[in-house]
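Read the structure below first, then the notes.
Here, residue 1 is the first one in the sequence, and each next residue gets the next number. Any value given below was found using the heavy atoms of this structure, including those in side chains, with hydrogens, waters and symmetry copies removed.
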Amino acid sequence: MPATEKQSKYKRILLKLSGEALMGDENFGIDPKVLDRMALEIGQLVGIGVQVGIVIGGGNLFRGAALSAAGMDRVTGDHMGMLATVMNALAMRDALERSNIATRVMSAIPMSGVVDHYDRRNAMRYLNQGDVVIFSAGTGNPFFTTDSAACLRGIEVEADVVIKATKVDGVFTADPMKDPSAKRYLHLGYDEAIEKQLGVMDLTAICLTRDHDMPIRVFNMNKPGALANLVLGGDEGTLIDRCDEVGEKYAE
Ligand SMILES: Nc1ncnc2c1ncn2[C@@H]1O[C@H](COP(=O)(O)OP(=O)(O)OP(=O)(O)O)[C@@H](O)[C@H]1O
Ligand SMILES: O=c1ccn([C@@H]2O[C@H](COP(=O)(O)O)[C@@H](O)[C@H]2O)c(=O)[nH]1
């Protein structure tokens, strides 16, 4: 079917990209091949008329908690982490624009002359006109994560869903990187994710989405075509929402 005939399940999404995923096979920094592949997949969504907001993590460069564990003041470390997300956002904008996708970068920390300061009404205007909007510098505050920033911005700009792109296939009964016997949930409720402390997303982020009834879909960004498939209604990864299902809910 030509891309124009495909019907998206969502009008507007907030896509959370892992900073760590940008490293590819390296231990630090940004692999341009990963950026280009992500730009291609995001371009497919724009091509079928989906409005795309993006939040990118900073784990490929700096995390405040790790810097603090190494002796740095925590708030300074968090500021460095937030600035790292601005660098990732600039790199992603570059990759998207090389693919002819109009892209805006906004920052929660004012950075005149580099990127626009975050403004919700402007962001919604850009999204309505079909530009991709990258929200950088997290929430602008220390002690938060970009998962929380993604949920916050998703709620603010009235996205239909927060989609967390990660390196595992969804939410599991335990961290699948550590426990190969862990089972993947197809669907689970906010309260179950909170009670069981399923570490794929921090609790602040999940509580915020629960309080505002914002669904979250967690999927594997390394699986080619998975992003387009889930936006077209395919059953990728794990859906977290106000689910009160009982019975079988794990993937085969
Ligand atoms: N129950 C669980 N289900 C799935 N993944 C889990 C679970 N518990 C822990 N994890 C881990 O959470 C990780 C998801 O974190 P990811 O690196 O995508 O996000 P992040 O830390 O927000 O990213 P970044 O800071 O790099 O932007 C997975 O790689 C997985 O190993
Ligand atoms: O609102 C926020 C978001 C992020 N930070 C700091 O940035 C790093 C990188 O973000 P990740 O979500 O870990 O990828 C994070 O570790 C914090 O240090 C922040 O302070 N406030």
Side-chain angles (χ1 to χ4, degrees), residues 3-19 22 35-36 38-58 82-141 144-165 205 208-209 211-217 221 227-228 230-233:
T4 47
E5 289 175 29
K6 291 180 178 167
Q7 189 65 46
S8 169
K9 185 174 176 189
Y10 307 110
K11 180 164 185 264
R12 180 176 292 168
I13 64 167
L14 193 299
L15 179 64
K16 159 72 197 327
L17 296 174
S18 153
L22 298 186
L35 278 183
D36 289 344
M38 287 181 176
L40 190 84
E41 301 229 6
I42 293 162
Q44 290 172 350
L45 306 189
V46 175
I48 58 168
V50 182
Q51 297 177 11
V52 184
I54 299 176
V55 167
I56 315 183
M82 286 188 276
L83 295 181
T85 73
V86 182
M87 288 193 256
N88 285 338
L90 291 174
M92 180 54 74
R93 182 184 65 186
D94 183 77
L96 288 165
E97 289 189 340
R98 278 188 282 105
S99 300
N100 295 315
I101 300 163
T103 307
R104 313 275 182 158
V105 177
M106 295 187 144
S107 167
I109 298 173
M111 224 171 283
S112 173
V114 182
V115 293
D116 292 345
H117 192 192
Y118 172 67
D119 177 302
R120 172 179 178 261
R121 288 167 65 88
N122 283 341
M124 291 181 75
R125 199 158 46 78
Y126 296 148
L127 289 167
N128 276 325
Q129 71 192 33
D131 297 354
V132 170
V133 181
I134 307 178
F135 302 102
S136 66
T139 62
N141 297 295
F144 287 91
T145 65
T146 51
D147 280 345
S148 292
C151 295
L152 175 66
R153 296 295 183 236
I155 293 162
E156 281 185 276
V157 303
E158 296 168 10
D160 300 312
V161 63
V162 171
I163 299 177
K164 174 166 166 126
L208 192 60
T209 52
D211 294 349
H212 296 273
D213 215 355
M214 168 64 67
I216 309 169
R217 173 75 71 168
M221 189 73 186
L227 178 59
L230 86 79
V231 165
L232 291 170

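The nearest pair of heavy atoms linking Ala159 to Ile13 is CB-C, 4.0 Å. Smallest separation of non-hydrogen atoms from Ser107 and Val86: OG-CG2, 4.3 Å. Residues Val161 and Pro215 share a closest heavy-atom pair of CG2-O, 3.5 Å. Heavy-atom minimum distance, Gly130 versus Val46: O-CG1, 4.3 Å. Nearest heavy-atom pair across Ala89 and Ser136 is CB-CB, 3.7 Å. Pairing each heavy atom of Ser8 with each of Val231, the nearest pair is OG-CG1, 3.2 Å.
The line from CG of Leu40 to CG of Leu35 is 12.5 Å long, rounded to the nearest 0.5 Å. Here the NE2 atom belonging to His117 is positioned 9.5 Å from the CE atom belonging to Met106, to the nearest 0.5 angstrom. The NZ atom of Lys6 lies 10.5 Å from the CG atom of Leu45; values are rounded to the nearest 0.5 Å. Expressed to the nearest 0.5 Å, how far CG of Leu208 lies from OG of Ser148 amounts to 7.0 Å. A distance of 4.5 Å separates OG1 of Thr145 from CG of Asp147, quoted to the nearest 0.5 Å. Distance check: Met221 CE to Lys16 NZ gives 12.0 Å after rounding to the nearest 0.5 Å.
Side-chain contact between Leu15 and Ile163 is present, with at least one heavy-atom pair separated by less than 4.5 Å. Looking at heavy atoms from C-beta onward, Leu14 lies in side-chain contact with Phe135 at the 4.5 angstrom threshold. When side chains are defined from C-beta on, Lys11 does not count as touching Glu158, because their heavy atoms never get closer than 4.5 Å.
Seen from the ring of Tyr10, Arg217 does not count as a face-on cation partner, given the 6.0 Å and 45° thresholds.
Side-chain atoms of Arg120 come within 3.5 Å of backbone N or O of Glu156 as a donor-acceptor pair. Side-chain atoms of Asn128 come within 3.5 Å of backbone N or O of Met124 as a donor-acceptor pair. Remark: the backbone N or O of Ile101 is not paired with any side-chain donor or acceptor of Ser99 at under 3.5 angstrom.
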Audit row: Leu22, Leu17, side-chain contact (heavy atoms from CB on, under 4.5 Å) steps and yes/no: CA-CA 9 Å; Leu22 298 186; Leu17 296 174; 5.6 Å; no
Ile134/Leu96 under side-chain contact (heavy atoms from CB on, under 4.5 Å): CA gap, chis, key distance, verdict: CA-CA 11 Å; Ile134 307 178; Leu96 288 165; 4.2 Å; yes
Audit row: Asn122, Arg125, side-chain hydrogen bond (donor to acceptor under 3.5 Å, both in side chains) steps and yes/no: CA-CA 5 Å; Asn122 283 341; Arg125 199 158 46 78; 2.8 Å; yes
Please report the C-alpha distance between Arg98 and Asp36 in whole Å, then the side-chain angles of each, then the deciding distance to 0.1 Å, and finally whether the side-chain contact (heavy atoms from CB on, under 4.5 Å) criterion is met. CA-CA 9 Å; Arg98 278 188 282 105; Asp36 289 344; 3.3 Å; yes
Give the C-alpha distance, both sets of side-chain angles, the deciding distance and a yes or no for side-chain contact (heavy atoms from CB on, under 4.5 Å) between Met38 and Glu41. CA-CA 5 Å; Met38 287 181 176; Glu41 301 229 6; 5.8 Å; no
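Using a 4.0 Å cut-off between charged side-chain N and carboxylate O, Lys9 and Asp160 make no salt bridge.
Here the rule is side-chain contact (heavy atoms from CB on, under 4.5 Å) with Ile42, and of Thr103, Val50, Val52 only Val52 fits it.
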